[in-house]
Amino acid sequence: MQHSKTQDTLVGLFVATGIAALFYMALQISNLGSYSSDDTYTVIANFQNSGGLKIKSPVSIAGVRIGRVSSITLDKETHESVVEMQIESKYNNLPDDSGASIYTAGLLGEQYISIDPGPGISGDFLKNKSKIDNVSSAIILEEMIGKFMLNKAEGK
Amino acid sequence: MFEFLENLGKATRSNFAKLGRSTLFLGHTLSGISDVIPRPNLLIKQIYSVGVLSFLIITISGLFVGMVLGLQGFYTLSDFGAEESLGVMVAASLVRELGPVVSALLFAGRAGSALTAEIGLMKATEQLSGMEMMAVDPVKRIISPRFLAGFISTPLLAALFSAVGVIGGHLVGVGMLGVDDGAFWAQMQANIDFQQDIINGVIKSIVFGFVVSWIALFEGYDAIPTAEGVSRATTRTVVNSAFSILGLDFILTALMFGDM
């Protein structure tokens, strides 16, 4: 069995480039670079209508992403949408009277939850399994257009 | 009428027989892999001929596919003022579909056909029976290292294809057409999920590598040992590989992204 050194080197180079390409994809192309799966805590909010919100939709304050939606279920008694979100532990100073609203990024963009920090009257912060009471639902474009049309028709 | 039924029956029987032979062959090949591990030289030689020699065609095709995606995507997206999404479009189509599929098709054409011709010719010149005469198992000595090499090389080639393609898309989108550099990468990173997109792409390419290597080696091993038989086997390798890759791609995509 003859043993060629250049061949070994080329094969090594090939495997190394292939693995480098995989790492490149993981870090440069995907969200792995900015991924922080470490410590999160869960916050719950009940919405009348969670619209087009999806699991993994972003949760943000002032445009900065602080977490993601982890589950959306229906409350069988109140028929409200129960949205659980994972918020990164380093943002543990959100006043417990903060509000949550569902907004749309751009006119046709995806929906996300925006948290509006409250005045913090009680001095307590949101903790694991806390519930946000001050919520405003998703704005459904069709519903708004429908209402607008109806108002116009009635006003005439 | 009876003749038709007879032919139909014959075709069914021979197809099932072939399926059975190929499954036995696969089992034999897989069991031979344990004998390859202590002799890495056999494997390195095959990775060289299967992987390293496909390197150039994969990178050049990847670059051009990425550049074309950048160009076409830009013209369509700019109608909606959404040029910033070019990065997502290029990366998602490459990582999810084009990377694994096109690199597997190229691999079948570049390396698969060569494998079939090589094995078929070995069979035609009775090298395989010669080995058996010397009590060397030809499947373990010849087939298994090639199979393992194909199996290892395809995911690497697909990853290269996608990575080079994204760079090609970046060259055209940002370099030529003036999409914002930051938006290109930021949108891409925000929308391409590691688990959902990249891992699934790699799984796809592993499946394709497995199937293409299997088809190529089996067709060679099962070829009629004449010049015409080998040429037919080579054609069948390319045709069957292409069908299997595209069909499996649909099934895998439906399984992976179906619930979205």
Side-chain angles (χ1 to χ4, degrees), chain A residues 1-38 52-60 63-72 86 88 103-113, chain B residues 39-55 58-59 62 80-82 85 87-88 90-92 94-95 99 149 152-167 169-170 185-186 188-199 201-202 205 259-260:
Chain A
M1 161 77 43
Q2 81 266 42
H3 186 79
S4 146
K5 257 197 170 150
T6 25
Q7 211 171 58
D8 279 4
T9 318
L10 284 172
V11 170
L13 196 68
F14 166 67
V15 174
T17 344
I19 292 173
L22 270 176
F23 270 100
Y24 174 80
M25 289 208 298
L27 297 177
Q28 179 77 13
I29 298 177
S30 84
N31 57 356
L32 199 68
S34 58
Y35 193 66
S36 47
S37 66
D38 31 66
L53 205 66
K54 283 188 291 244
I55 288 173
K56 287 200 152 185
S57 292
V59 177
S60 61
V64 180
R65 193 177 71 73
I66 59 161
R68 288 190 183 280
V69 172
S70 59
S71 90
I72 301 172
Q86 304 283 342
E88 290 171 30
Y103 289 129
T104 309
L107 198 56
L108 301 167
E110 64 171 334
Q111 294 196 300
Y112 65 98
I113 294 185
Chain B
R39 309 177 73 182
N41 283 342
L42 283 179
L43 180 64
I44 286 179
K45 210 170 178 182
Q46 292 314 319
I47 294 187
Y48 177 79
S49 71
V50 165
V52 177
L53 295 181
S54 308
F55 183 88
I58 292 284
T59 38
F80 304 101
S85 302
V88 194
V90 170
L94 276 168
V95 170
I152 293 175
S153 302
T154 22
L156 296 176
L157 290 171
L160 262 169
F161 188 94
S162 303
V164 172
V166 169
I167 294 171
H170 181 263
W185 291 116
M188 191 190 293
Q189 285 163 3
N191 286 292
I192 305 286
D193 187 59
F194 181 71
Q195 205 91 49
Q196 181 79 35
D197 295 320
I198 297 199
I199 294 288
V202 172
S205 63
D259 56 351
M260 278 173 73

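Reminder, nothing fancy here: chain letters follow the sequence lines and each chain counts from 1. Source: prediction; values computed, not measured.
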*Between B/Tyr48 and chain A, which part of the residue has a heavy atom less than 4.5 Å away: side chain, backbone, both or neither?*
both
*By a 4.5 Å heavy-atom criterion (distance strictly below it), what part of B/Val95 contacts chain A: side chain, backbone, both, or neither?*
side chain
At what distance, to the nearest 0.5 angstrom, does [atom1] of [X] lie from [atom2] of [Y]?
X       : Y        : atom1 : atom2 : result
A/Leu27 : B/Gln189 : CG    : CD    : 9.0 Å
B/Ser85 : B/Met188 : OG    : CE    : 11.0 Å
A/Ser60 : A/Tyr103 : OG    : OH    : 10.0 Å

*Pick from B/Ile44, B/Ile152, B/Leu157: which one has the most heavy-atom pairs with chain A under 4.5 Å?*
B/Ile44
*Could you check which of B/Ile198, B/Val166, B/Val202, B/Ile47 has the highest count of heavy-atom pairs closer than 4.5 Å to chain A?*
B/Ile198
*State which residues pass side-chain contact (heavy atoms from CB on, under 4.5 Å) with B/Val90; sequence neighbours excluded, sorted by chain then number.*
B/Leu69, B/Leu86, B/Leu94
*Can you list the residues that meet the side-chain hydrogen bond (donor to acceptor under 3.5 Å, both in side chains) rule with A/Thr6, with sequence neighbours excluded?*
A/Ser4
_Given heavy-atom pairs under 4.5 angstrom as the criterion, report whether the side chain, backbone, both or neither of A/Leu13 touches chain B._
neither
